[in-house]
Amino acid sequence: MTARIAYADVEVGTELPAGSFPVTRATLVRYAGASGDFNPIHWNERFAKEVGLPNVIAHGMFTMAEAVRVVTDWAGDPAAVVEYGVRFTKPVVVPDDDEGALIEVTGKVAALLEDNRVRVDLVATSAGQKVLGMSRAVVRLA
């Protein structure tokens with residue numbers, strides 16, 4: 001696959017379609033099984049609170065992966081992402097109810113680079129708080 005977005009069709013300021021990603025306790029259990037990360041802060045409310053967290057929190061790498069989906073969906077090819085990094089600023093708190101939490105992500109082309117690459121800056125929030133800082137992806141476009 002190659003990116004479906006052409007470099008010539010974007011400019012600084014181009015906004016990517018936003019994404020909303022629900023997270024429930026069941027989601028965290030499935031991610032723990034897939035990743036092998038069974039840290040109890042991701043599934044045991046009593047333990048999470050004992051270590052000073054407000055409740056169970058989503059895995060940082062899960063949060064990071066959900067955020068970059070905005071970029072991969074836009075580009076049309078996950079392999080088009082050639083660099084990606086974030087700073088974890090706040091945890092995604094996942095209550096034990098039918099709704100869970102919601103990770104909301106927006107993205108914007110922040111720079112045009114060489115070799116048909118662009119830098120996309122992402123903003124990821126949950127419960128009105130920014131959960132990722134310096135969230136940036138470099139994407140090679142068609």
Side-chain angles (χ1 to χ4, degrees), residues 1-45 47-49 51-142:
M1 288 176 60
T2 58
R4 68 172 187 229
I5 303 293
Y7 181 82
D9 293 337
V10 299
E11 57 189 34
V12 171
T14 298
E15 293 186 14
L16 283 61
S20 294
F21 307 101
V23 187
T24 64
R25 295 278 178 95
T27 308
L28 299 181
V29 169
R30 286 191 297 273
Y31 182 80
S35 69
D37 182 351
F38 293 100
N39 187 322
I41 64 172
H42 302 303
W43 58 270
N44 184 316
E45 186 171 333
F47 183 85
K49 288 181 176 182
V51 299
L53 295 168
N55 207 324
V56 165
I57 63 170
H59 303 73
M61 297 303 285
F62 172 81
T63 303
M64 188 178 175
E66 290 292 79
V68 81
R69 286 177 56 189
V70 166
V71 178
T72 59
D73 289 352
W74 172 71
D77 179 9
V81 177
V82 296
E83 292 178 33
Y84 179 48
V86 306
R87 287 190 183 157
F88 300 105
T89 57
K90 298 273 186 194
V92 174
V93 178
V94 183
D96 187 15
D97 60 21
D98 292 335
E99 294 181 30
L102 189 65
I103 301 170
E104 298 178 282
V105 184
T106 59
K108 187 181 293 189
V109 174
L112 301 176
L113 309 171
E114 299 174 353
D115 299 327
N116 285 10
R117 295 175 307 132
V118 298
R119 190 187 87 216
V120 174
D121 290 355
L122 299 170
V123 175
T125 61
S126 183
Q129 295 195 339
K130 193 172 179 181
V131 295
L132 299 176
M134 300 294 292
S135 183
R136 296 177 172 174
V138 175
V139 186
R140 179 168 284 116
L141 300 178

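These numbers come from the heavy atoms of this one structure, side chains and all, not from hydrogens, waters or symmetry mates.
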Which donor-acceptor pairs under 3.5 Å do the side chains of residues 12-31 make with protein atoms, sequence neighbours left out?
unit_1: Thr14; atom_1: OG1; unit_2: Glu11; atom_2: N; d: 3.0
unit_1: Thr14; atom_1: OG1; unit_2: Glu11; atom_2: O; d: 2.8
unit_1: Thr24; atom_1: OG1; unit_2: Ala26; atom_2: N; d: 3.3
unit_1: Thr24; atom_1: OG1; unit_2: Thr27; atom_2: N; d: 3.2
unit_1: Thr24; atom_1: OG1; unit_2: Thr27; atom_2: OG1; d: 3.0
unit_1: Arg25; atom_1: NE; unit_2: Val94; atom_2: O; d: 2.8
unit_1: Arg25; atom_1: NH2; unit_2: Glu45; atom_2: OE1; d: 3.4
unit_1: Arg25; atom_1: NH2; unit_2: Asn55; atom_2: OD1; d: 2.7
unit_1: Arg25; atom_1: NH2; unit_2: Val94; atom_2: O; d: 3.1
unit_1: Thr27; atom_1: OG1; unit_2: Thr24; atom_2: N; d: 3.1

Identify all side-chain donor-acceptor contacts of residues 78-93 below 3.5 Å with residues at least two apart in sequence or on another chain.
unit_1: Tyr84; atom_1: OH; unit_2: Met64; atom_2: O; d: 2.8
unit_1: Thr89; atom_1: OG1; unit_2: Lys130; atom_2: O; d: 2.8
unit_1: Thr89; atom_1: OG1; unit_2: Val131; atom_2: O; d: 3.2
unit_1: Thr89; atom_1: OG1; unit_2: Leu132; atom_2: N; d: 3.4

Response to the item:
salt bridge (Lys or Arg N to Asp or Glu O under 4.0 Å) filter on Arg140, not counting sequence neighbours, yields none
Fill in: Nearest heavy-atom neighbours spanning Leu141 and Tyr7
CB-N, 3.8 Å
Discussion item. Looking at His42 and Ala32, would you say the former's side chain and the latter's main chain have a donor-acceptor pair under 3.5 Å?
Written reply: no
Practice prompt. Taking side-chain hydrogen bond (donor to acceptor under 3.5 Å, both in side chains) as the test, write out the residues that go with Arg119, two or more places apart.
Written response: Asp121
Item to complete: Taking side-chain hydrogen bond (donor to acceptor under 3.5 Å, both in side chains) as the test, write out the residues that go with Arg69, two or more places apart.
Response: Glu66
Discussion item. Working note: Leu122 + Val71, criterion side chain to side chain contact (heavy atoms under 4.5 Å, CB included); need CA distance, chi angles, decisive distance, verdict.
Written reply: CA-CA 9 Å; Leu122 299 170; Val71 178; 3.8 Å; yes
N/O donor to acceptor pairs below 3.5 angstrom from side-chain atoms of residues 98-113, sequence neighbours left out:
none

Worksheet entry | Distance in Å, Asp77 CG paired with Thr2 OG1, rounded so as to fall on 0.5 Å steps | 6.5 Å
Worksheet item: From His59 NE2 over to Phe38 CZ, what is the distance, rounded to the nearest 0.5 angstrom?
Response: 8.0 Å
